[in-house]
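Encoded as structure tokens, the structure appears first; notes follow it.
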There are 2 protein chains.
Amino acid sequence: MSAKKLLLIDDDLELTELLKEYLSPQGYELDVAHDGEAGLSLATSNKHYDLILLDVMLPKLDGFEVLKKLRTSHLTPVLMLTAKGDDYDKIFGLEMGADDYLAKPFNHRELSARIKALVRRMALLPSGSVQQNLKLGDVVLSPSAQQVFCADNIVELTGTEYSILHLLMINQGSLVSKQDISEKVLGRKLAAFDRSIDMHVSNLRKKLAVFSPEEKIKTHRGAGYLYVVPA
Amino acid sequence: MSAKKLLLIDDDLELTELLKEYLSPQGYELDVAHDGEAGLSLATSNKHYDLILLDVMLPKLDGFEVLKKLRTSHLTPVLMLTAKGDDYDKIFGLEMGADDYLAKPFNHRELSARIKALVRRMALLPSGSVQQNLKLGDVVLSPSAQQVFCADNIVELTGTEYSILHLLMINQGSLVSKQDISEKVLGRKLAAFDRSIDMHVSNLRKKLAVFSPEEKIKTHRGAGYLYVVPA
DNA sequence: TTATGCATTTACACAAGCTTTACATTCCCT
DNA sequence: AGGGAATGTAAAGCTTGTGTAAATGCATAA
């Protein structure tokens, strides 16, 4: 397990220093931003943080604004911190899409335990479903560009093919039922005798096979499809 | 999106009633258990709760014990509740595998917001990834992939074979009647002279025997089959 | 309008896998 | 022991899901 990357957005220099010293020995890589704008730009950069610690009272862009803008494009987990122990604030933050909320002053060990709990839970998510390039064997899928490369060649996929591949890759090693594919990709229930998904998968396989011989999408008869985790 | 199923384990009758009335209109299905044992048995049943609200002070089995036992087999998210606002308690709970911790008395809206945050986060997990693998001796069964490994080799099973193995492994050490297998796996009553199950078990044994010599599925003549608990 | 690109439906061949048959074997019970 | 019933299993039969080419539909662009 590689070191988890955290981003701390807080303008309190004393606190950020303290937390840096406290969290580093626990095996976290901690970046710090001292205002909302800098924080947001780091958070949306390609550094792909595992967790963001976000203060509410911030210069330039307050915590709620940062959270709101972040959530338009990223699902990175966010733990909010605030000087005010205000219930309303807490509820507002959580409703806006924060994952946890801790009032200052907090017990360092509680912060550490909450970070650990969030990171642990997020580790169950398949790698990269929080929007970064998915690389599996010789296939690379780039969500930002909606492009797929196979053995360094661009693969020209249609929108639906791309979405199906994306879904399967996110769920690498797990079975995805046709029902799920239909609902998530085509936006409709799978009807009896609907062969649409089969066709898209067939075309997808054909296009990938041009550049790479290994079987990537496995069929589970009567159940669905599965993206094979490369050795 | 179907209604989320919550399990509340708390012996405070007044509180459970209150929460039931508070949470139902918000679109949650809430089951209640009033002691640790009942709670654990519901939590590990096949009802598949989306979230468990767990009080610490409980008759029969306290909250920490319930959490500990639950986590040996299930990854269901847990939000702990406690009368004591004790930091040590909080940290202990989170370290044990709880996902969140709220001290009583709490603001109902905060509880609701925290439930929402957890459920929202869990919804990102691909369906089925909360089920954890079943490991018995050198056999590992992965429900999310519907795949089975034996002595580190993938065993290619058909859907029916997989289901039968799953059923037997879940009931390790106890007898499962052919009637039960037929009804749960094939979805029909076992008819006289129906040799279907026998065939599937035979094929299953053959496939497992390729990688491991020990007998895993034992026959109880006239009664059914049993998965042997490994030494 | 006509072209173009993509999603969907149709059609059919094929293969996977569930079930049945048939016979060998094993396990009880007397 | 011997006989009958339950089980093991190979092989055949049959049903159904899947792969895929080709036709169709249906937008949007030229």
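As the structure is a computational prediction, the values presented were derived from the model and not from experiment. Here is how names work: the chains are called A, B, and so on, in the same order as the sequence lines, proteins then strands, and each is numbered from 1.
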Any donor-acceptor N/O pair under 3.5 Å between [N] base and [X] side chain:
| X | N | answer |
| --- | --- | --- |
| R195(B) | dT19(C) | no |
| R205(B) | dG8(D) | no |
| R221(B) | dC28(C) | no |

Nearest-Å distance, [atom1] ([X]) to [atom2] ([N])?
| X | N | atom1 | atom2 | answer |
| --- | --- | --- | --- | --- |
| H220(B) | dC28(C) | NE2 | C1' | 15 Å |
| K207(B) | dT9(D) | NZ | P | 14 Å |
| E156(A) | dT4(C) | CD | C1' | 15 Å |
| F193(B) | dG4(D) | CZ | C1' | 13 Å |
| Y162(A) | dC6(C) | OH | C1' | 18 Å |
| D194(B) | dA22(C) | CG | P | 16 Å |
| K218(A) | dG17(D) | NZ | C1' | 17 Å |
| I181(A) | dA7(C) | CD1 | C1' | 16 Å |

Does the side chain of [X] get closer than 4.0 angstrom to OP1 or OP2 of [N] through an N or O atom?
| X | N | result |
| --- | --- | --- |
| R188(A) | dT8(C) | yes |
| T160(B) | dG17(C) | no |
| K178(A) | dG17(D) | no |
| T158(B) | dA16(C) | no |
| T219(A) | dG19(D) | yes |
| K206(A) | dA21(D) | yes |

Query raised in the report: Would you call the rings of Y22(B) and H108(B) parallel, tilted or perpendicular if under 30° counts as parallel and over 60° as perpendicular?
Result: tilted

Query raised in the report: Taking DNA chain D as the partner, which of residues 196-203 of chain B come within under 4.0 angstrom of it by heavy atom?
Result: D198(B), M199(B), S202(B)

**Report entry** For DNA chain D, the residues among residues 208-216 of chain B that have a non-hydrogen atom under 4.0 Å from it
**Finding:** none

More than 12 non-hydrogen atoms from neighbouring residues, nucleotides or ligands closer than 6.0 Å to [atom1] on [X], yes or no?
| X | atom1 | value |
| --- | --- | --- |
| K218(A) | NZ | yes |
| K207(B) | NZ | yes |
| K5(A) | NZ | yes |

Query raised in the report: Between Y225(A) and G224(B), which has a closest nucleotide on DNA chain D that is more 5'?
Result: G224(B)

**Report entry** Verdict with supporting geometry, R121(A) and D99(A), salt bridge (charged side-chain N to carboxylate O under 4.0 Å, His left out)
**Finding:** CA-CA 11 Å; R121(A) 178 56 70 185; D99(A) 289 87; over 6 Å; no

Exercise: do [X] and [Y] side chains pair donor with acceptor under 3.5 Å:
| X | Y | value |
| --- | --- | --- |
| N171(B) | Y227(B) | no |
| T219(B) | R205(B) | yes |
| S212(B) | D138(B) | yes |

Query raised in the report: Looking at dT26(C), dG17(C), dT19(C), which one has an atom nearest to any side-chain atom of L186(B)?
Result: dT19(C)

Query raised in the report: Which one of K189(A), K178(A), R188(A) satisfies the salt bridge (Lys or Arg N to Asp or Glu O under 4.0 Å) criterion with D194(A)?
Result: R188(A)

Requested in this report: Answer whether the closest heavy-atom distance between the side chains of Y162(B) and Q147(B) falls below 4.5 Å.
Outcome: no

